[in-house]
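Below is one structure; the comments refer to it alone.
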Amino acid sequence: QVQLVESGGGLVQAGGSLRLSCAVSGSIFSINGMGWYRRAPGKQRELVAVIPKGGITNYADSVKGRFTVSRDNAKNTVNLQMNSLKPEDTAVYYCVANVVVGTGKDKYGSDYWGEGTLVTVSS
């Protein structure tokens with residue numbers, strides 16, 4: 001089994017910063033892409049940022065220049081540093097990881113999601 005546990009959400013004033021972290025644990029062979037999505041009240045879930053195992057990060061236009069995604073492959077963690085927060089960033093933030101499980105020839109990758117952490121930005 002694979003578990004993703006997020007931390008770091010909370011209440012912050014507009015212009016402030018928060019750092020989200022997500023730890024992946026369980027029967028892991030390797031982790032491919034990792035990232036963050038969010039779901040604002042009354043809206044669909046949207047991509048925030050993704051970071052491949054060894055490639056170029058990708059950000060939603062709405063967070064470019066304000067958010068930075070990073071990962072620690074040794075610790076199986078992914079982080080999201082959020083600066084210059086705006087009220088429209090208020091949402092539940094979800095960590096996602098494409099995790100390869102199994103052994104030998106019976107390995108396969110699947111997307112796993114965290115429970116989500118609430119970020120509230122007050123004006």
For Glu88, salt bridge (Lys or Arg N to Asp or Glu O under 4.0 Å) partners two or more places apart: none
Which atom pair, heavy atoms only, marks the closest approach of Ser17 to Asn83? OG-OD1, 2.9 Å
Please identify each residue that fulfils side-chain contact (heavy atoms from CB on, under 4.5 Å) with Ser27, with sequence neighbours left out. none
Where do Asn79 and Arg19 land on the side chain to side chain contact (heavy atoms under 4.5 Å, CB included) test, with the steps shown first? CA-CA 7 Å; Asn79 304 301; Arg19 182 178 177 86; 3.3 Å; yes
Residue pairs meeting salt bridge (Lys or Arg N to Asp or Glu O under 4.0 Å), one or both in residues 23-34, sequence neighbours left out, come to none
What pairs of residues pass the disulfide bond (SG atoms under 2.5 Å apart) test when at least one of them lies in residues 58-123, not counting sequence neighbours? Cys22-Cys95
Among residues at least two apart in sequence or on other chains, which ones pass side-chain contact (heavy atoms from CB on, under 4.5 Å) with Val5? none
Just jot down the side-chain contact (heavy atoms from CB on, under 4.5 Å) partners of Ala49, sequence neighbours excluded, or say none. Tyr59, Val69, Leu80
Heavy-atom pair of closest approach, residues Ala14 and Ser123: CB-CA, 4.4 Å
Worked verdict on Arg38 versus Arg45 for side chain to side chain contact (heavy atoms under 4.5 Å, CB included): CA-CA 5 Å; Arg38 68 186 181 187; Arg45 186 174 60 190; over 6 Å; no
Restricting to salt bridge (Lys or Arg N to Asp or Glu O under 4.0 Å), what partner residues turn up for Lys64, sequence neighbours left out? Asp61
Of all residues at least two apart in sequence or in a different chain, which pass the salt bridge (Lys or Arg N to Asp or Glu O under 4.0 Å) check with Arg39? none
Heavy-atom closest pair, residues Val24 and Met34: CG2-CE, 3.7 Å
Evaluate the side chain to side chain contact (heavy atoms under 4.5 Å, CB included) criterion for residues Asn76 and Ile31: first the C-alpha distance (whole Å), next the side-chain angles of each, then the deciding distance (0.1 Å), finally the verdict. CA-CA 8 Å; Asn76 291 337; Ile31 302 175; 3.6 Å; yes
So the disulfide bond (SG atoms under 2.5 Å apart) pairs with at least one residue in residues 38-93 (sequence neighbours excluded) are none
Residues Ser122 and Leu11: closest non-hydrogen pair is CB-CD1, 4.3 Å
Using a 4.5 Å cut-off on heavy atoms from C-beta on, say whether the side chain of Leu18 contacts that of Val119. yes
All pairs passing salt bridge (Lys or Arg N to Asp or Glu O under 4.0 Å) where residues 66-86 contributes a residue, at least two apart: Arg66-Asp89
Given a cutoff of under 4.5 Å between side-chain heavy atoms of I, L, V, M, F, W and Y, with clusters grown through shared members, what are the other residues clustered with Phe29? Val100
Residues Met82, Leu20; criterion side chain to side chain contact (heavy atoms under 4.5 Å, CB included); working and verdict: CA-CA 8 Å; Met82 305 185 293; Leu20 304 183; 3.7 Å; yes
Closest non-hydrogen contact found for Val78 with Gly35 is CG2-N, 4.5 Å
Look at the side-chain heavy atoms of Ile, Leu, Val, Met, Phe, Trp and Tyr, link any pair under 4.5 Å apart, and say whether Tyr108 and Val2 land in one connected group. yes
Looking at CD of Gln3 and CD1 of Ile28, how far apart are the two atoms once the value is rounded to the nearest 0.5 Å? 8.5 Å
Donor-acceptor contact below 3.5 Å, side chain Glu6 vs main chain Gly116: yes
Tracing side-chain links under 4.5 Å among I, L, V, M, F, W and Y, which residues wind up in one group with Trp113? Tyr37, Leu47, Val50, Val92, Tyr94, Val96, Leu118
How far apart are the closest heavy atoms of Leu4 and Tyr112, and which atoms are they? CD2-O, 3.4 Å
Mind checking the CH2-CD1 spacing from Trp36 to Ile51? Nearest 0.5 Å is all I need. 12.5 Å
